[in-house]
Amino acid sequence: ETMALIHWCIEVEQFLCKAGATRDQAQEYIEEEIELLTDQYYEGMSAEEAAEFALRDWARWFVSFEIEGCHCTYHK
């Protein structure tokens, strides 16, 4: 069962990276949100759904914008 959860988390990481997150960002999210991800796994959420949830969560808390060619990110 633990190996299945680990494999599922790897799939979540892959979906996050496909959506534009760096590997480090995806791994950091998984490490910080392992309890949430574990709950999502046992509730039957697919890895893709979990990644979409993570991306919506990031979009709510972080806003990226460009000012005069400088890429800036700030926390709401």
List for me each residue that meets side chain to side chain contact (heavy atoms under 4.5 Å, CB included) alongside Thr22, sequence neighbours excluded, and say none if there are none.
Asp24, Gln25

Just grab all the side-chain hydrogen bond (donor to acceptor under 3.5 Å, both in side chains) pairs involving residues 34-47, residues at least two apart or on different chains.
Ser46-Glu49

List the atom pairs, donor and acceptor, that lie under 3.5 Å between side-chain atoms in residues 8-21 and the rest of the protein, sequence neighbours left out.
unit_1 : atom_1 : unit_2 : atom_2 : d
Trp8   : NE1    : Met45  : O      : 3.2
Glu11  : OE2    : His7   : NE2    : 3.0
Glu13  : OE2    : Arg23  : NE     : 3.3
Glu13  : OE2    : Gln27  : NE2    : 3.4

